[in-house]
Amino acid sequence: PPPPPPPSTVSLEQKNATVIFDHSQQGPESLSEAIEDMGFESSLSDSSTATPVSTDTQLIATSSLTPATQQEALEKLSQIQGVLDVRESPALMGFTVTFVPSLTSSQQLSEVVASVKPLELSIEGMTCHSCTTTIEGKIGKLKGIEKIKVVLETQEATIVYLPYLITVQTITDQIVVAGFKAFVKSKPRPLQLSPSEIERMHCRSCVVNIQDNISKLPGVSSVEVSLEKEKVSICYDPLKATATQLQQAIEALPPGTFKIQPWDSSGALTSVVNIHIEGMTCNSCVQSIEGMISQRKGVISAQVSLADHQGAFEYDPLLTTPEELREAVEDMGFDAFLPETNSLLPSPNSSLLKSSGLAHSKDKELDSDLHKETPQGRNGDAHSKCFIQIGGMTCASCVANIERNLKNEHGIYSVLVALMASKAEVRYNPELMDPGKIAECVKELGFTASVMENYEGSDGNLELVVRGMTCASCVHKIESSLMREKGIIYASVALATNKAHIKYDSEIKGPRDIIKLIEVLFLLVILNRTASHLDHSKEIQQWRKSFLVSLIFCVPVMGMMTYMIIMDHYMNVSHQHNATVEDRNHYHSTMFLERQLLHGLSIMNLLSFLFCVPVQFIGGRYFYIQAYKAVKHRSANMDVLIVLATTIAFTYSLVVLIVAMVEKAKVNPITFFDTPPMLFVFISLGRWLEQIAKSKTSEALSKLMSLQATEATVVTLNSDKSLLSEEQVDVELVQRGDVVKVVPGGKFPVDGRVIEGHSMADESLITGEAMPVTKKPGSSVIAGSINQNGSLLVSATHVGMDTTLSQIVKLVEEAQTSKAPIQQYADKISGYFVPFIVGISLLTLIAWIIIGFLDFSLVEKYFPGYDKSISRAEAVIRFAFQASITVLCIACPCSLGLATPTAVMVGTGVGAQNGILIKGGEPLEMAHKIQTVVFDKTGTITYGAPTVVQVKIVVEGNKMPRSRLLAIVGTAENNSEHPLGAAITKYCKQELGTESLGTCTDFQAVPGCGIRCQVSNTETLLKQADSDSEDNDQHNSVLVQISLVQTASYVVLIGNREWMRRNCLQIRPDIDEAMMEHERRGCTAVLVAVDNLLCAMIAIADTVKPEAELAVRTLTSMGLEVVLMTGDNSKTARAIAAQVGIRKVFAEVLPSHKVAKVEQLQQAGKRVAMVGDGVNDSPALAMADVGIAIGTGTDVAIEAADVVLIRNDLLDVVGSIDLSKKTVRRIRINFVFALIYNLVGIPIAAGVFMPIGLVLQPWMGSAAMALSSVSVVLSSLLLKCYTKPSAEQLEARLGNGRRKGSLSDVSVHIGMGEMRRPSPRLSLLDRIVNYSRVSINSLRSDKHSLNSLVLSEPDKHSLLVGEALCEEAFC
């Protein structure tokens, strides 16, 4: 770009201008013209001629710049006044700049170049992409930051910034605030300060004078003047100002007596402050305080002493103050006091959160809680608490990040983030903070946040059974003593039921404290475990009652009807079918049932009425409720139709009866009292069957709850972490902050953090992966997982309803309720049917009124109750009403109501016989619409338990025969609790054909590496093995005896490469190659060394089920898309997908992202079936349109799914879809049966066929109704003949086009792939899976871990499989 025209100086007194210009572009004349264009007169003075100005060319080095920043530097240089030309000279590593020395200096030019150089930071502590986005988001928002790029793999950030707006220190501080450590790798030269000593400043006015005038100069962003130290610091933009210009500007200020010299910063002033620090428990606290404080701006050094509870900080008083340092220490979660303050008064800022990960003993926490509430803090502030819903958290680092950042905000005391529930509980000072601001702070970190209004949150509810109360005074005593306690919000005790209901603030009190308070009063207290809300028994009872009531009253009505039908038929026969209306009426009146008690009221009608009332109002009560709800939501479903038909039939019949009685009619009116009982019987039967099917689904949710430990061992710790006491308590009574001891083999009772001990935990319950996970101080543990080999002390972080397990239950429940039930056909049809029938009955009414008035003779002929005593008009209207009501009553939706439930009942029954449990009608109706089938890998496509696939012996056979090696290895691994060890032992026992193994001593296992032990007594095994194989001659047996006498003992090492390396064993390249080959196929390879000699490599893998390939092929041939989704790494996933012929793979997917993936497929308009087996699949199973669980899987998965395959056979997936198709076809046939009857019956009822003498008698309606219902049931029963397609049939159907999939066909998507939508759900699982995945990978015998979490360089595999590292990166 052409440089801007160099400057000119204009003098008002001399009325002239001096201009420096570029010959090639301007001349004196053109400049003079330009001035005249601006409206001034100008002439070239004779004396002045254009004199050449001296220019200078210099090379400015740019070796440290990247190509992008070089371009930026080039642009910036060319904008500087006085620069004529800038050229890049790559040979000399710099820019050649031609400039006018009188306008700019080479120093300014090199300053400008230096200011462009980006800042490179190395950042520690990033684990996933949410970390990088957090840093980019937070730093990118700061003023003065131009560009920022954070790279997860190299753990680096590159930042381009404007040094006059922001300092490096501020940037690193902000990164530390975000929860990461940042170190400067290379940074631009610091130009921002030009501290200058100022002599002859006398008073404040001089200070103000300098500050005001200099801050107005172009390019100056801030000025600080210190009168005492006679010093000024100026932040400025090197493009717009230079140090010398600023110096001249200050010296030119009135009174003109200021003298300036640039100041040498090495003589910085220092002060030392001693801060008293409480709450440090170990050296890590000391290190973290020293580390954090020494990084602060202005702090020169920090020394903290644990013993003296004191820290000495050397700092620059210009940049920070003792109070700021004290607050910084407090922000880290310690109590800090300056020497002069009274340390007895608790500071209001003291953070109560145990951020250092150390559990204080409970009493101490309660004390501080009480202090906190007392208004004697320094400013008497009260705490408030709010809950924030946070979306987008995926792992533990997100949680830590939010907690740390919020705690650094002014006015926030404590933060507790629950990952699974995706909410944060924040205590804050309402004078300084409000919930809206807190939510904003969270949003700035890159998450979604909203304040949860009126959320009860931590208020605990407790129901106790109190034994030993005798009178009202006991009740009063308990209530008053409880209410006096701090933290109890409400207490009510009922003497009659012996129950106490207590509401308390779980921050201050816990259930144990409350029970102790009552026990002090010499009463016995038992915790009342509330009944599970998971049973459907109430609904079942309600429909059963409804059905039975209807049935009891329906039978007599049906009996009377049948009697009437038979009598009518009998009469017709006896009169040779030519009876007149009079004859018939006469005949009826002689029958017992038709005898009139009062005029117009026959016995039949009276009995029908009496039987109908209870059915209508007791049996039909629920229908009325449901119908009311439907109408309220402006929809017409089955219930509306039923209620409409029965109510109108009942009301009409009642009105007709009353009218007849009033008129004292001779002929009994035709009533429809038989309609409601029959309708209700059939419909409530259908509903009852449906509820029974549903109830089966919830049994396992209660099973899931039973996975929890029932008791916990709560321990009390001394200040030095030694055990004071321990007690067994119910798991419901464990409080947040308690320290719980978990012994080997025990279940973790609550979610928490390990504070002492090392162990492995089996978390397959939650993660689905069989490999145990290492636990050490600081690790998170999950309720319900099993502790394997070490004793641990755990500090409880989430208890009760907040534990992972409870959250999973809740998630599954939510998914179950939120999945909109497929509006059953019946409801759909009713939606059109109701208005249609109502329309037709109105039409009938109007048509007959018109016909009646036009041609009364018709009415007279067909209206049986026509009596000369009533007027014509009344007769017509009554006749028309009767016809229209008949239409309404005959259009009975009874068979419609049975069409679905009966088919579903039979379908599910047939499914169960074939090993497919289908829960209810929805999945059955849905399965045939499926377009995509998603398979989980572990335990679904594969067996989920590792097995040995190859033993490669790498020594000569004479040194170590195969059988001896197997005996040694089997014996060594016999003691291991690791799944891989169990697999090896099992294999050795099978190969040697024996159950007993040798003896193993000095066994030691190093988590993540391998085992070491001594093995002896293996010869007995070999004796058995050898005697089978060789000729059993004398010579041989002698040999055996000799070897028995001197039993050999071997030192055995089994483990990964790292373990061999630690034990100084070299791994040959060919062995390494073989291991690589297996690892590429998704196997785990372990090495075996006996007596310091590398003997064998054992490859272990999770094997694919034999029928998987056929199942996938069949599904593909049915036109379905098949997807593999797994939390495992991409190599294993790809290898297994290729084996079974799946083309599309989602690998390294966290449990909550499984839900998101399913949702994503659904949003693309696909109907999705998910096949899985683990707890981690359960939310996805519940989310999918059809969830299919493998019967050998966990109860939770079985619970969440809609279909369970009992036989653990993947071909049943095909079977279930096939069965669904057949059932749905059957349901449709049922609807045809149900509707045909209506289509024929309605015109007859409407009187369309009257001219040909076909008139509807009431019994005809009822008979047709019964018939349609029976035909529907029979049609459903035909489903019983269904048989499931066998493997042979499927093979035959597909032909033998079996083709092995190659790795290149498989497309692998990592993590959430293109979908970076943060999924807030289930995230605790994710963090666990993250942990466990790291530890699983450390078990794999790879050089580095297979997971990109720990990848520091591209390993050979990822290059071999041809995946870029970034694809391996984990979202």
Side-chain angles (χ1 to χ4, degrees), residues 580-582 584-585 600 605 636 640-676 829-893 1235-1262 1264-1265:
T580 59
V581 174
E582 280 77 22
R584 180 168 289 152
N585 285 348
N605 279 341
V640 176
L641 185 53
I642 295 164
V643 166
L644 201 68
T646 55
T647 313
I648 290 180
F650 181 75
T651 319
Y652 169 78
S653 307
L654 192 58
V655 171
V656 169
L657 256 190
I658 293 168
V659 170
M661 285 161 67
V662 171
E663 288 182 352
K664 301 193 166 39
K666 298 276 180 295
V667 180
N668 293 320
I670 292 173
T671 56
F672 295 102
F673 284 128
D674 54 344
T675 308
I829 290 175
S830 314
Y832 303 111
F833 198 65
V834 176
F836 170 70
I837 296 294
V838 173
I840 284 196
S841 69
L842 285 175
L843 198 71
T844 309
L845 180 72
I846 295 161
W848 275 113
I849 290 179
I850 295 169
I851 292 171
F853 281 117
L854 293 178
D855 181 2
F856 184 68
S857 58
L858 265 176
V859 175
E860 204 170 16
K861 186 173 170 191
Y862 291 116
F863 186 31
Y866 180 58
D867 197 348
K868 299 286 183 287
S869 63
I870 53 175
S871 68
R872 280 187 154 200
E874 192 182 339
V876 169
I877 286 170
R878 267 172 71 176
F879 181 65
F881 255 105
Q882 186 176 329
S884 71
I885 296 283
T886 314
V887 169
L888 264 185
C889 293
I890 194 169
C892 132
L1235 290 174
I1236 281 178
Y1237 143 77
N1238 276 332
L1239 294 175
V1240 173
I1242 290 169
I1244 297 179
V1248 176
F1249 301 118
M1250 269 190 185
I1252 57 167
L1254 185 57
V1255 185
L1256 185 84
Q1257 299 298 331
W1259 63 265
M1260 292 182 185
S1262 303
M1265 190 161 84

Closest non-hydrogen atoms of Val643 and Thr646, given as atom of the first, atom of the second and distance, are O-OG1, 3.2 Å
Between the CD1 atom in Ile849 and the OG1 atom in Thr844, the distance rounded to the nearest 0.5 Å is 11.0 Å
Taken to the nearest 0.5 Å, the spacing of Ile837 CD1 from Leu842 CG works out to 11.5 Å
